[in-house]
2 protein chains.
Amino acid sequence: MAQSDTVDRILDAAEELFADRGFSETSLRMITSKAKVNLAAVNYHFGSKNALIHAVFARFLTPFSATLENAFDQLEERCDGKPPTLNQTLWALTESAVRMPQRNEKGISIFMRLLGLAYTQSQGHLRKFLEQEYSEPFSRFMRLLKEATPQLSSVDRYWRIQFMLGATAFTMSSSDALRDILQNKLGVETTVQEIAARLVPFLAAGMQAEDAMLIPPAGSKVSVA
Amino acid sequence: MAQSDTVDRILDAAEELFADRGFSETSLRMITSKAKVNLAAVNYHFGSKNALIHAVFARFLTPFSATLENAFDQLEERCDGKPPTLNQTLWALTESAVRMPQRNEKGISIFMRLLGLAYTQSQGHLRKFLEQEYSEPFSRFMRLLKEATPQLSSVDRYWRIQFMLGATAFTMSSSDALRDILQNKLGVETTVQEIAARLVPFLAAGMQAEDAMLIPPAGSKVSVA
DNA sequence: GTCTGTTTGAAACATACGTTTGAAGCGCAT
DNA sequence: ATGCGCTTCAAACGTATGTTTCAAACAGAC
């Protein structure tokens with residue numbers, strides 16, 4: 001082997017185990033034994049467990065954010081001047097995710113699950129790392145969302161973006177389990193691409209919902225306690 | 001004190017710490033020192049850490065599921081025969097959550113955050129526990145959703161329910177942080193009730209979206225890899 | 001007051017963790 | 001063949017965890 005694939009073996013094993021079980025629940029000993037490398041290799045090559053977590057994210061997030069920037073560039077070019085629609089923006093995002101070159105067939109779902117965990121399993125160091133490294137494509141996405149929904153108040157848009165993030169992160173973070181359940185209950189196979197294709201219209205519709213906030217259905221009393 | 005409030009003090013402390021930091025990241029020593037009780041008290045009163053987690057959930061989930069059953073009863077009675085609408089069903093759920101008697105002002109958001117964690121931080125034992133204990137109100141809610149969206153295929157409905165759960169669990173589980181951000185950025189105060197009031201129309205609109213799955217916007221190519 | 005069952009207390013237990021150490025192994029230029 | 005980085009290895013370190021132990025404290029009944 002050219003020059004020791006230990007680093008990649010560690011990253012592969014860590015990625016999969018993190019996606020399966022979360023960060024705190026995955027020990028370095030699990031990782032190194034799955035990767036068939038010595039326990040000390042992690043600290044030798046990465047420095048610490050947290051640094052390994054960062055490296056796992058960087059390995060797919062860096063190419064992804066480049067892909068995403070390209071997709072946004074093309075989209076804005078195609079729209080010359082006019083702001084892209086909400087659907088176009090969401091599709092640009094999902095296509096970038098889905099079209100990423102995968103290391104293996106599980107690549108995309110591991111990717112999604114890790115992103116979900118990053119949001120959910122709020123490890124302070126990870127949040128900070130991601131914000132520092134990838135703030136640019138993120139705020140560009142936010143700007144596109146804003147231009148695509150000028151009818152929304154800032155507050156409404158803010159909350160609906162959180163709802164979108166939640167639906168996405170949550171679904172993707174448990175997509176394997178959800179796919180299995182669906183397989184057992186209805187005998188239907190599902191790919192991550194199909195999940196994304198179902199998710200986008202849901203998000204777009206929710207994002208553009210008429211605000212019925214102050215008009216709960218007859219018979220129920222709004223609690224203002 | 002009538003008869004040792006140790007149990008409640010442990011539950012209070014555990015609830016708050018779990019909501020703040022997750023289950024694995026919260027040690028029994030943190031709990032017992034916050035609760036100002038002896039370390040061994042947890043194992044004495046509950047038997048194990050996992051059993052304590054179950055007890056924390058049971059303490060609010062049992063009254064909640066009773067409240068929810070009542071709300072569904074009243075709703076179905078009011079609709080005599082006809083299936084309740086999607087909006088009515090969602091409102092019944094949110095109102096039951098919001099109207100629950102709270103131990104303190106943080107009650108509802110802790111409640112929500114714990115529910116989010118239960119789904120997200122997939123501890124096998126917790127999943128099993130919740131499914132065994134609270135399957136009945138859950139499947140009743142599912143039945144109502146099904147009757148309220150007869151136009152959806154089973155598969156579509158399944159995924160959209162997951163999207164709803166995700167948006168809800170995720171938003172509520174980080175509602176404190178999100179409220180703070182909004183407060184700092186736009187100077188707007190928000191209550192959990194208001195978040196719920198914004199969430200319901202978003203969910204209802206997403207749930208009833210026209211299925212544009214196979215019609216991505218012009219210019220983008222659907223990946224069927 | 002004394003006994004009895006329940007609850008608390010301080011200490012220890014066994015285990016698992018992330019990290020560090022120092023020697024051994026390796027490829028490669030000299 | 002020798003020496004020099006870089007990498008691997010087995011072993012240990014210190015710390016933190018969940019759990020157990022057993023004596024002390026307590027409450028209520030007699």
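Chain identifiers are assigned alphabetically (A, B, ...) following the order of the sequence lines, protein sequences preceding nucleic acid strands; residue numbering begins at 1 within each chain.
- Note on B:Glu147 versus B:Arg143: salt bridge recorded, some NZ/NE/NH1/NH2 to OD/OE distance being below 4.0 Å.
- To the nearest 0.5 Å, the span separating NZ on B:Lys128 from CG on B:Asn50 amounts to 11.5 Å.
- Atom-to-atom, CG of A:Asp5 to P of D:dT8 comes out at 9 Å; the value is rounded to the nearest Å.
- Remark: B:Thr6 is not in phosphate contact with C:dT7, judged by side-chain N or O atoms under 4.0 Å from OP1 or OP2.
- Going from atom CG of B:Asn43 over to atom P of C:dG9 covers 15 Å, rounded to whole Å.
- If A:Leu39 and A:Tyr44 are placed on DNA chain D by their nearest nucleotide, the residue sitting closer to the 5' end is A:Tyr44.
- Among the heavy atoms of the strands, none lies under 4.0 Å from A:Ala41.
- Residue B:Arg29 contributes atom CZ, which lies 11 Å from atom C1' of C:dA12 at whole-angstrom precision.
- One can place CG of B:Leu28 at 4 Å from P of D:dG18, the figure rounded to the nearest angstrom.
- We find that CZ of A:Phe46 is positioned 15 Å from C1' of D:dT8, with the value rounded to whole Å.
- Across B:Thr89 and B:Phe72, no two heavy atoms sit closer than the pair O-CE2, 4.3 Å.
- Using a 4.0 Å cut-off, no side-chain N or O of B:His45 falls inside it from OP1 or OP2 of C:dT6.
- Rounded to whole Å, the distance from CG on A:Asn38 to C1' on C:dT20 is 12 Å.
- The backbone N or O of A:Trp159 sits nowhere less than 3.5 Å from a side-chain atom of B:Arg198 that would complete a donor-acceptor pair.
- Under 4.0 angstrom from either OP1 or OP2 of C:dG18 there lies no side-chain N or O belonging to A:Ser48.
- The phosphate of C:dA16 (OP1 or OP2) has no side-chain N or O of A:Ser27 nearer than 4.0 angstrom.
- When the P atom of D:dA16 is taken as reference, atom NZ of A:Lys49 falls 16 Å away, rounded to whole Å.
- With A:Phe163 as reference, B:Phe202 is the one residue of B:Phe163, B:Phe170, B:Phe202 to meet the ring pair (Phe, Tyr, Trp, His ring centres under 6.0 Å) rule.
- Taking atom NZ of B:Lys36 as the reference point, atom P of C:dT7 lies 22 Å away to the nearest angstrom.
- Residue A:Thr26 is in sugar-phosphate contact alone, with no base atom involved, counting any heavy-atom pair closer than 4.0 Å across all strands shown.
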